[in-house]
*Asks:* 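Here it is, the structure, as structure tokens.
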2 protein chains.
Amino acid sequence: MARRGSYAKGVAKREEILQRALEVIAREGYRGASVRELADAVGLSQAGLLHYFESKEELFTEILRKRDEMDRVAFEPEAVAAMEASDGTETDLVRAGFVSVLRHNSEVPGLVQLFSRLAVDAADPSHPAHAYFRDRDAQLQESLSDALGAMQEEGTITDRIDATTLALVIQSVADGLQVRWMHDPSVDMAGTVTALLDALAPTGASTADE
Amino acid sequence: MARRGSYAKGVAKREEILQRALEVIAREGYRGASVRELADAVGLSQAGLLHYFESKEELFTEILRKRDEMDRVAFEPEAVAAMEASDGTETDLVRAGFVSVLRHNSEVPGLVQLFSRLAVDAADPSHPAHAYFRDRDAQLQESLSDALGAMQEEGTITDRIDATTLALVIQSVADGLQVRWMHDPSVDMAGTVTALLDALAPTGASTADE
DNA sequence: GTCTATACTCGGATAGAC
DNA sequence: GTCTATCCGAGTATAGAC
């Protein structure tokens with residue numbers, strides 16, 4: 001794919017850096033971390049690290065992008081659902097994908113901090129991460145709408161609210177819960193969303209397995 | 001209440017500053033504003049402004065506190081509900097209070113930005129605003145639980161989820177929606193929460209008036 | 001009580017050696 | 001490609017005059 005050794009090396013190194021940064025932040029947290037701190041953690045000098053990225057903002061945006069990419073393969077909803085089905089557990093795509101990611105998030109506090117922080121900073125349209133969030137939100141909105149729409153057709157969730165609005169609700173509640181959880185780690189993000197989904201099941205139907 | 005002229009003056013001036021700061025931020029927005037900017041807007045020098053507050057963080061925390069105070073009197077749920085009732089509109093306390101504030105928020109973008117920004121910064125327990133959020137969240141949680149619990153007894157909302165969890169959901173969805181709305185002002189915060197509440201009405205019951 | 005002026009810190013960016 | 005060194009801006013905090 002890459003034509004030249006040097007170019008390929010650059011890209012490979014970039015990926016390696018992102019990979020490590022991801023691990024470090026996940027494990028050690030991000031409290032408004034500076035490029036210097038991250039550079040240390042990754043084993044480069046500040047200048048060395050910025051050699052691979054345009055700016056601090058671009059660097060952090062790329063970290064989030066990488067995170068999404070990894071979550072996507074690790075929690076591919078269809079795969080998870082299939083796995084759980086063979087398990088005897090009955091699940092829908094929302095619980096299998098979205099809620100699983102949320103559950104996983106409580107294992108990686110630093111990434112949640114980074115995400116939430118950047119989300120508010122990027123509200124400014126001129127912020128380098130603005131486009132990232134626009135695209136991410138749109139994609140998530142679409143896949144959630146699809147999954148929820150399907151559930152409505154199957155009758156596993158109420159149709160008293162349209163799938164688009166419900167997708168927005170689910171996404172927002174997850175974002176809000178993450179901030180809440182940062183303040184008080186005892187809140188159960190995945191459990192709360194699950195409880196909401198359960199409450200939205202059409203009367204009579206039940207997805208709970210107790 | 002105040003013993004001494006100077007002390008009373010100090011407190012009064014502080015209030016006046018907060019009042020003005022609130023207006024300015026509401027109208028002109030807060031994009032990570034510095035103390036200097038705010039001082040200019042309020043008609044004081046940076047040092048003059050900090051004369052009244054311990055630090056930047058304390059200043060901004062007090063602004064949010066003041067905001068809550070004003071919202072509390074402007075949107076006192078019982079009053080709003082009573083007003084709407086005399087209007088012929090039937091409402092519950094959640095829609096009358098909480099959702100009204102949310103609707104109002106779209107008029108004051110700067111305050112939403114400030115709130116969201118501080119919310120993520122204050123996740124750090126050593127941040128001066130940490131206690132503010134802890135208390136605020138707890139209070140809101142309590143009043144929402146009470147209101148939702150009452151609605152469950154009246155049968156205007158489902159009891160397939162406990163009031164405490166539902167309160168957390170409502171609060172989180174509002175917080176999440178605010179960030180979403182900052183990115184894309186076309187999202188309808190109040191409308192979305194209302195749609196959720198409608199969807200959670202027990203089957204058969206209806207609060208919608210169309 | 002409010003201002004001007006300044007000190008100090010942090011952190012991102014950049015130049016240039018190796 | 002990576003480092004050291006440096007620069008520079010932003011922004012809070014504080015000293016001291018008025």
Side-chain angles (χ1 to χ4, degrees), chain A residues 2-21 24-25 28-63 110 113-114 117-118 120-122 124 126-129, chain B residues 2-21 24-25 28-63 113-114 117-118 121-122 124 126-129:
Chain A
R3 289 296 203 57
R4 290 274 195 53
S6 59
Y7 182 69
K9 172 97 186 297
V11 172
K13 179 81 183 190
R14 226 179 106 113
E15 289 304 296
E16 188 197 315
I17 290 171
L18 290 176
Q19 187 67 52
R20 289 214 51 174
V24 174
I25 293 177
E28 291 172 23
Y30 161 95
R31 350 155 231 295
S34 64
V35 174
R36 249 177 195 101
E37 274 179 276
L38 188 56
D40 288 352
V42 159
L44 256 77
S45 72
Q46 186 244 25
L49 177 52
L50 277 187
H51 176 69
Y52 293 95
F53 303 90
E54 299 259 312
S55 67
K56 174 195 179 162
E57 273 82 17
E58 205 235 358
L59 165 57
F60 285 117
T61 310
E62 289 310 309
I63 293 175
Q113 288 158 25
L114 174 57
R117 179 52 134 77
L118 228 52
V120 333
D121 289 354
D124 180 343
S126 70
H127 191 286
Chain B
R3 290 295 202 62
R4 289 272 196 53
S6 59
Y7 180 68
K9 173 98 188 295
V11 171
K13 179 81 184 193
R14 225 179 106 113
E15 288 306 295
E16 189 197 314
I17 290 172
L18 290 176
Q19 187 67 49
R20 289 215 49 175
V24 173
I25 294 178
E28 289 171 24
Y30 161 94
R31 348 157 232 296
S34 63
V35 174
R36 229 183 285 272
E37 273 180 277
L38 188 55
D40 288 351
V42 159
L44 256 77
S45 72
Q46 184 246 26
L49 177 52
L50 277 187
H51 175 69
Y52 292 95
F53 302 89
E54 299 259 310
S55 67
K56 175 194 178 164
E57 274 82 16
E58 204 235 1
L59 165 57
F60 284 118
T61 310
E62 289 310 308
I63 294 176
Q113 287 157 26
L114 174 57
R117 179 51 133 76
L118 228 52
D121 288 354
D124 180 342
S126 70
H127 191 285

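Every chain is numbered from 1 and lettered A, B, ... according to where its sequence line falls, protein lines coming before strand lines.
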*Asks:* Tell me every residue that passes side-chain contact (heavy atoms from CB on, under 4.5 Å) with B:S34, counting only those two or more places apart in sequence or in another chain.
*Replies:*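 If we apply the side-chain contact (heavy atoms from CB on, under 4.5 Å) test to B:S34, skipping adjacent residues, the hits are B:R36, B:E37.
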*Asks:* Nearest-Å distance, CG (B:L38) to C1' (D:dG11)?
*Replies:*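 Checked: the CG to C1' distance equals 14 Å.
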*Asks:* Can you tell me how far apart CG (B:L50) and OG (B:S55) are? Round to the nearest 0.5 Å.
*Replies:*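 Answer rounded to 0.5 Å: 8.0 Å.
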*Asks:* side-chain contact (heavy atoms from CB on, under 4.5 Å) with A:R14: which of A:H51, A:Q19, A:E62?
*Replies:*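 Looking at A:H51, A:Q19, A:E62, the match for A:R14 under the side-chain contact (heavy atoms from CB on, under 4.5 Å) is A:E62.
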*Asks:* Name all residues meeting the side-chain contact (heavy atoms from CB on, under 4.5 Å) criterion together with B:V42; count only those two or more places apart in sequence or in a different chain, and write none if there are none.
*Replies:*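 If we apply the side-chain contact (heavy atoms from CB on, under 4.5 Å) test to B:V42, skipping adjacent residues, the hits are B:I17, B:R20, B:A21, B:L38, B:L44.
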*Asks:* Take atom NE2 of A:H51 and atom P of D:dA5, then tell me their distance rounded to the nearest Å.
*Replies:*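 Atom-to-atom, A:H51 to D:dA5, this comes out as 20 Å.
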*Asks:* Starting from C1' on D:dT12, measure out to CG on B:L49 and report it in whole angstrom.
*Replies:*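 For the pair B:L49 CG and D:dT12 C1', the rounded distance is 12 Å.
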*Asks:* Starting from P on D:dG11, measure out to CD on B:E37 and report it in whole angstrom.
*Replies:*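 Nearest whole value for this atom pair: 7 Å.
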*Asks:* Would you mind reading off the distance between A:R31 atom CZ and C:dC10 atom P, rounded to a whole angstrom?
*Replies:*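 That distance rounds to 15 Å.
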*Asks:* Considering non-hydrogen atoms only, spot the tightest contact between B:H127 and B:L118 and give its length.
*Replies:*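 For B:H127 versus B:L118, the nearest heavy atoms are CE1-CD1, 4.3 Å.
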*Asks:* Tell me if a side-chain donor or acceptor on A:E58 pairs with a main-chain N or O of A:F53 at a distance below 3.5 Å.
*Replies:*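 Pair absent, no side-chain N/O of A:E58 close to backbone of A:F53.
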*Asks:* Rounded to whole angstrom units, what separation is found between the CZ atom of B:F53 and the P atom of D:dT14?
*Replies:*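 Answer to the nearest Å: 16 Å.
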*Asks:* Separation of B:E58 atom CD from D:dT12 atom C1', in whole Å?
*Replies:*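 From B:E58 CD to D:dT12 C1': 14 Å.
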*Asks:* Rounding to a whole Å, what distance do you find between B:L44:CG and D:dT12:P?
*Replies:*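 Whole-Å distance recorded here is 15 Å.
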*Asks:* Starting at the 5' end of nucleotides 12-18 of chain C, put B wherever the base has a protein heavy atom under 4.0 Å, S where only the sugar-phosphate does, and a dash everywhere else.
*Replies:* BBB----
